[in-house]
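Below you'll find the structure, written out as structure tokens, and then a few comments.
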Amino acid sequence: MEPCSCDTFVALPPATVENRIIFGKNSDRLCDEVQEVVYFPAAVHDNLGEHLKCTYVEIDQVPETYAVVLSRPAWLWGAEMGANEHGVCIGNEAVWGREEVCDKEALLGMDLVRLGLERANTAEKALTVIVDLLEKYGQGGNCSEGSMVFSYHNSFLIADRNEAWILETAGKYWAAEKIQEGVRNISNQLSVTTKIDREHPDMRNHAKQKGWWDGKKEFDFAAAYSYLDTAKMMTSSGRFCEGYKLLNKHKGNITFETMMEILRDKPSGINMEGEFLTTASMVSILPQDSNLPCIHFFTGTPDPERSVFKPFIFMPNISQLIDTVSLTFESDDPVKKKHFQSKPDRRHPLYQKHQQALEIINNDEEKAKTILDDMRKLEKGVFKEMESILQNKQLDMDKVVNLFTQCTKDEIRIYLSNISS
């Protein structure tokens, strides 16, 4: 089985409408991995010298962390994608190249996603947080819960209300590209070439010492640190190129619904199927008008074509997202251990009902149409409400505080009505 990565997209004016930045990501992971949607409120950490346990290693805690909403594999501390209360969004991709991947346990790329969101109120500050942590603690460790060893370097797409950054790494070395207009995407290959706006201070010298760059021609990060022919990147049939084509197809008219359709596209490979599949998806609306709320949509379930994008808006006193938080059953019962093959059952309530409904969809054409029609009807109704909020600049505080939770319950009701009938 060839390990695969994901796709992350951003579109900025003038490629979008209504002066909005649109962020989107598919998380492509092992097909049996459950992804949950979780919320963590802002926090103050008064204990000087306090340590924070990430997936594998402990690091120094900071005095204050921001509220975050995350879509993450349920077994680990970090996240594949998420947003914070200041409108910063981050998604990461697995990348490989000439620099050797470290098997030693360190910070995972997914840990760095969460840390960037918890500690930065702009996209560029999040980049700084990530590269500082990379320098201090390194990146490495198994990115899979099971016996499969799945380790990689990471690239990141970081966006806020004003701009976006592509950060790509090779061990401790990195290069970053600032995006202020148009469209950009990342996939499982290095894509920062000659436009480098920030970089590791020793990145060029390291490439020269390794013989990857002669020190004379224009420096190209992807050409130096990967095996790719960067001249062919945009003409290949890979997902990076296909994703860029989809973005450009709608350039000038990209909306959040356009981004969702891109994430649902199967012919391009963006919406993956098989042993690696799209286990969860996210789309965010980041209005450049700071008087408008940022809106973040998450599926929390596999295959966006057969999932509902549910909205989340940061508000005071948000209730916990119970129906998308995994239920972990650790047991000494030998029968249960055998059944789970030493892996706990991490299926959250939404995931369980979604999978039951998916089985019906795959086996009953008539019921499939009913379920999918009801899902799209729910989604369209929510989209209309969100557009109204953005146009009218009015929030019903009591309704919005439980927005994601209520939409999740409505989705579960659709599944239950068809499972029981």
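All figures in this text were calculated on a predicted structure; none of them were measured in a lab.
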Side-chain ion pair, [X] and [Y], N-O less than 4.0 Å:
X: R347; Y: D345; answer: yes
X: K266; Y: D303; answer: yes
X: E387; Y: R20; answer: yes
X: E379; Y: R376; answer: yes

Could you pull out the closest heavy-atom pair between [X] and [Y], with the gap in Å?
X: I412; Y: P349; value: CD1-C, 4.4 Å
X: A123; Y: A159; value: CB-C, 3.9 Å
X: A106; Y: D111; value: O-OD2, 4.4 Å
X: F219; Y: I196; value: CD2-CD1, 3.7 Å
X: L286; Y: G87; value: CD2-O, 3.7 Å

Is the backbone N or O of [Y] less than 3.5 Å from a side-chain atom of [X], with the two atoms forming a donor-acceptor pair by type?
X: T169; Y: N154; answer: yes
X: E85; Y: V68; answer: no
X: R98; Y: Y227; answer: no
X: N84; Y: A120; answer: yes
X: S226; Y: G97; answer: no
X: H348; Y: G300; answer: yes
X: E177; Y: V192; answer: no
X: Y225; Y: M203; answer: yes
X: D197; Y: K178; answer: yes

Is atom [atom1] of [X] surrounded by more than 12 heavy atoms (other residues, nucleotides or ligands) closer than 6.0 Å?
X: Q356; atom1: CD; answer: yes
X: K195; atom1: NZ; answer: yes
X: N317; atom1: CG; answer: no
X: E100; atom1: CD; answer: no
X: K53; atom1: NZ; answer: yes
X: Q406; atom1: CD; answer: yes

For the [atom1] atom of [X] and the [atom2] atom of [Y], what is their distance to the nearest 0.5 Å?
X: E218; Y: T193; atom1: CD; atom2: OG1; answer: 8.0 Å
X: M81; Y: N26; atom1: CE; atom2: CG; answer: 7.0 Å
X: F156; Y: I166; atom1: CZ; atom2: CD1; answer: 11.5 Å
X: D160; Y: S284; atom1: CG; atom2: OG; answer: 12.0 Å
X: L12; Y: Q288; atom1: CG; atom2: CD; answer: 7.0 Å
X: N92; Y: L108; atom1: CG; atom2: CG; answer: 9.0 Å

Kindly indicate whether the side chain of [X], heavy atoms from C-beta on, has any atom under 4.5 Å from the side chain of [Y].
X: E33; Y: W75; answer: yes
X: K310; Y: F298; answer: no
X: F297; Y: S281; answer: no
X: T8; Y: N185; answer: no
X: F309; Y: R264; answer: yes
X: L390; Y: E18; answer: no
X: V129; Y: L133; answer: yes
X: Y39; Y: F404; answer: no

Between [X] and [Y]: side-chain donor-acceptor atoms closer than 3.5 Å:
X: S187; Y: D7; result: yes
X: T255; Y: T258; result: yes
X: H206; Y: E99; result: yes
X: N142; Y: S151; result: no

Task: Partner of R306 by side-chain hydrogen bond (donor to acceptor under 3.5 Å, both in side chains), out of N362, T299, N271 - done: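 Between R306 and the candidates, side-chain hydrogen bond (donor to acceptor under 3.5 Å, both in side chains) is satisfied uniquely by N362.
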TODO: From the options Q35, E80, R29, select the one residue that forms a side-chain hydrogen bond (donor to acceptor under 3.5 Å, both in side chains) with T279.
DONE: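 Testing T279 for a side-chain hydrogen bond (donor to acceptor under 3.5 Å, both in side chains) against Q35, E80, R29 leaves exactly one candidate, Q35.
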TODO: Could you walk me through whether I130 and W174 pass the side chain to side chain contact (heavy atoms under 4.5 Å, CB included) test, one step at a time?
DONE: CA-CA 11 Å; I130 291 171; W174 55 272; over 6 Å; no
Open item on the list: Using salt bridge (charged side-chain N to carboxylate O under 4.0 Å, His left out), reason through E93 and K25 one step at a time and then give a plain yes or no.
Closed with: CA-CA 10 Å; E93 312 293 336; K25 174 172 166 62; 3.4 Å; yes
Open item on the list: Against L107, only a single residue in W77, Y137, Y56 fulfils side chain to side chain contact (heavy atoms under 4.5 Å, CB included); can you say which?
Closed with: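 Answer after filtering W77, Y137, Y56: Y137.
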- [ ] Given ring pair (Phe, Tyr, Trp, His ring centres under 6.0 Å), test Y173 with F221 step by step and report yes or no.
- [x] CA-CA 10 Å; Y173 303 100; F221 179 73; 9.3 Å; no
TODO: Kindly indicate, with the supporting measurements, whether the criterion side chain to side chain donor-acceptor pair (under 3.5 Å) is fulfilled by S191 and E168.
DONE: CA-CA 8 Å; S191 63; E168 299 191 330; 2.8 Å; yes
Task: Chi angles and distances behind the side chain to side chain contact (heavy atoms under 4.5 Å, CB included) call for L52, H45 - done: CA-CA 11 Å; L52 173 67; H45 310 279; over 6 Å; no
Open item on the list: Determine whether the aromatic ring centres of residues F150 and F276 are separated by less than 6.0 angstrom.
Closed with: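 So the answer is yes for these two rings.
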Open item on the list: Pair V101, H153 - check side chain to side chain contact (heavy atoms under 4.5 Å, CB included), show working.
Closed with: CA-CA 6 Å; V101 173; H153 303 302; 3.7 Å; yes
Open item on the list: Between E257 and K380, is the salt bridge (charged side-chain N to carboxylate O under 4.0 Å, His left out) condition met? List the steps.
Closed with: CA-CA 10 Å; E257 291 184 78; K380 288 293 183 184; 2.8 Å; yes
TODO: Would you sort out whether L115 and I59 count as a side chain to side chain contact (heavy atoms under 4.5 Å, CB included), showing the intermediate values?
DONE: CA-CA 11 Å; L115 290 164; I59 67 170; 3.7 Å; yes
TODO: Give me the ring orientation class for Y415 and H354: parallel if the planes are under 30° apart, tilted from 30 to 60°, perpendicular past 60°.
DONE: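 Correct class here is perpendicular.
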